[in-house]
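These notes concern the structure reproduced below.
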Amino acid sequence: MLIKNRIASDVSGSEITPKTVFDNRRAFLKTAALTGIGLAAAGLPSLPAYAARTPFSGVQKTQWTAKSMPENDPLNTYEDITSYNNFYEFGTGKRDPQENAQDFKPLPWEITVDGACAKPGKISFEDLTKPHALEERVYRHRCVEAWSMVIPWVGIPLAAVLKRFEPTADAKYVAFETLMDLERMPGQRQRVLNWPYKEGLRMDEAMHPLSILAVGLYGEVMPNQNGAPVRLVTPWKYGFKGIKSIVRIKFQSEMPATSWNEAASREYGFYSNVNPAVTHPRWSQETERRIGELFKRKTLPFNGYAEEVAGLYQGMDLRKWF
Ligand SMILES: Nc1nc2c(c(=O)[nH]1)N[C@H]1C(S)=C(S)[C@@H](COP(=O)(O)O)O[C@H]1N2
Ligand SMILES: [Mo]
C-alpha cells in the first residue's frame, strides 16, 4: 500500500516538477526506503512525520491553475522558491531563512481559533487538512519590494476551515498571528517588527475562494523557510499578507493591527492589494522582476486576479485604502 502511494505521487510529481527537483525527490524516496524514515508520511494528509522534502499523495489540481495563469508564465524552480525568502523570524536577509530555519521542528502544531464565533477551539495540523482534499494552486506571488514568482502551492480553501468555527455576525475581520518563540525563532530576539507577526483580512476576503491555507509547495510539505507547517496565501495581495507559521486565528469586529502597518503605516496599508497605480513611498509598483528573469514585467492590477476579486472593492477609493 505504501509503495503504491509512493508511485502515485512520483507520477503526479513528474508532471509538474522540473527534472532536478524530481531527481531530488527520487533520491529522497530512495533514502527513505533504505532508512525506513519518512514512509509513514506517504499516506498524508495525516502527517506522523515531517521532513523538508516529504511528498504529499493525492494532491488535486484545481481550476485556478488554468483560469488565472497565462500559458507563458512558467513556474519558478523549487530552488528559487526556497532560497529567496522573507521570514524575519529567521533573519532579515533573503538568504537567511533557508539557512536559519533548517532546524525548526514544526510538528506537533496547533492553531487556536477564537473571537466572534460559536465554536471556538484548537485545530491540529493533522485535523486542518481533514476532510478536505489537498489542492495544487499555481499562483503568482508578488512582493511589495517589486519581485515576483510563480509558485505551485499545496493547500486548502481558507473559507472551509473558518466555517467549521461558525463565525457570528460580529466577525467582520479575521486576525492571524505567527508563533512567538525566541528559542525556535531566533530572529525574534531582534526587535525589527512587533512580534508576534500579525496580519488580517476582511471577512469577505478571507472567505474568497482564492484565499488558501498553504501546507506545501511542489507537491511536498511546506519547507520551513516558506512558513511551515501552515501559512496564508492571498495571491491578489502583496506577499507580506501571506503570514507564515500561523498559531492563532481570531474573528473580530475591528480591523486587525498588522505588523508591517505598525512598523511603517505610510508604506504598508491594511488592504495591500497589488496595485501598479499606487506608488510605494520609496519605489514604483508599476513593474516587477520575476525571479530568474532578466527583463522587468508590468505589474497587473490585483496581481492579475482582478476578474476574480475586483468586485470586493467596488466603490472604495483604492488610493486611500491601499
Ligand atoms: N511570520 C512571517 N510571515 C511572513 C513574513 C515574515 O517576515 N514573517 N514575511 C512576509 C513577506 S514580506 C513576504 S514577501 C512573504 C514571502 O513568502 P515566501 O518567502 O514564501 O516567498 O512572506 C510573508 N510572511
Ligand atoms: Mo514582502
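Residue numbers start at 1 and run along the sequence shown. Both counts, for ligands and for their atoms, begin at 1 and track the order of listing.
Here atom 23 (C) of ligand 1 lies nearest to Gly239 when heavy atoms of Gly227, Gly187, Gly239, Pro223 are compared.
Neither the backbone nor the side chain of Glu145 has any atom closer than 4.0 Å to an atom of ligand 1 (non-hydrogen atoms only).
Of the polar atoms of Lys244, at least one N or O is found under 3.5 Å from an N or O of ligand 1, judged by distance alone. For ligand 1, the polar-atom distance check finds an N/O of Glu89 within less than 3.5 Å of one of the ligand's N/O atoms. Ligand 1 has no nitrogen or oxygen under 3.5 angstrom from a nitrogen or oxygen of Ile151. Remark: ligand 1 and Gln225 share no N or O pair separated by less than 3.5 Å (distance only, no angle test).
For the pair Pro223 and Thr82, the tightest heavy-atom approach, listed with the atom from each and the gap, is CG-CG2, 3.7 Å. Between His208 and Glu308, the shortest heavy-atom distance links the atoms NE2-O, 3.1 Å.
Around atom CD of Glu267, more than 12 heavy atoms belonging to other residues, nucleotides or ligands sit under 6.0 Å away. Annotation for Glu293: atom CD counts as buried by contact number, over 12 foreign heavy atoms lying within 6.0 Å. Dense packing is recorded around CD of Glu254, with more than 12 heavy atoms of other residues, nucleotides or ligands lying under 6.0 Å away.
Within ligand 1, counting atoms from 1 as listed, the ones closer than 4.0 Å to a heavy atom of His141 are 16 (C), 17 (O), 18 (P), 21 (O). Every atom of ligand 1 is numbered from 1 in the order shown, and the set under 4.0 Å from a heavy atom of Asn85 is 18 (P), 19 (O), 20 (O). The distance from ligand 1 to the heavy atoms of Cys143 drops below 4.0 Å at these ligand atoms: 14 (S). Close approach of ligand 1 to Thr178 (heavy-atom distance below 4.0 Å) involves ligand atoms 1 (N).
In this structure, atom 10 (C) of ligand 1 lies nearest to the protein heavy atom Tyr197 OH, 3.3 Å. For atom 7 (O) of ligand 1, the closest non-hydrogen atom on the protein side is Tyr88 N, 2.8 Å. Looking only at heavy atoms of the protein, atom 24 (N) of ligand 1 is closest to Gly242 O, 2.9 Å. When hydrogens are left out, the protein atom nearest atom 11 (C) of ligand 1 is Phe240 CA, 3.4 Å; that is the closest non-hydrogen contact. When only non-hydrogen protein atoms are considered, atom 9 (N) of ligand 1 lies nearest to Asn86 O, 3.2 Å.
Residue contacts with ligand 1 leave out Lys241, since none of its heavy atoms falls under 4.0 Å from the ligand. Taking 4.0 Å as the cut-off, Ser245 does not count as a neighbour of ligand 1 on heavy-atom distance.
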(message) Assess the residue pair Leu179 and Phe104 against the criterion (side chain to side chain contact (heavy atoms under 4.5 Å, CB included)); give the C-alpha distance rounded to whole Å, side-chain angles, the decisive distance to 0.1 Å, and a yes or no.
(response) CA-CA 12 Å; Leu179 175 70; Phe104 181 71; 3.9 Å; yes
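Pairs passing the salt bridge (Lys or Arg N to Asp or Glu O under 4.0 Å) check and including a residue from residues 225-234, sequence neighbours excluded, do not occur.
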Anything under 3.5 Å between a donor and an acceptor, one on a side chain of residues 314-322, the other on a protein residue two or more places apart or in another chain? List them.
| residue | atom | partner | partner atom | Å |
| --- | --- | --- | --- | --- |
| Asp317 | OD1 | Arg319 | N | 2.9 |
| Asp317 | OD1 | Lys320 | N | 3.4 |
| Arg319 | NH1 | Ala277 | O | 3.3 |

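Phe251 has its ring centre no less than 6.0 Å from the ring centre of Phe165. Taking the six-membered ring where the residue is Trp, the centroids of Tyr305 and Trp64 are separated by 6.0 Å or more.
Of the possible polar contacts, one joining the Arg184 side chain to the Lys105 backbone as a donor-acceptor pair under 3.5 Å is found.
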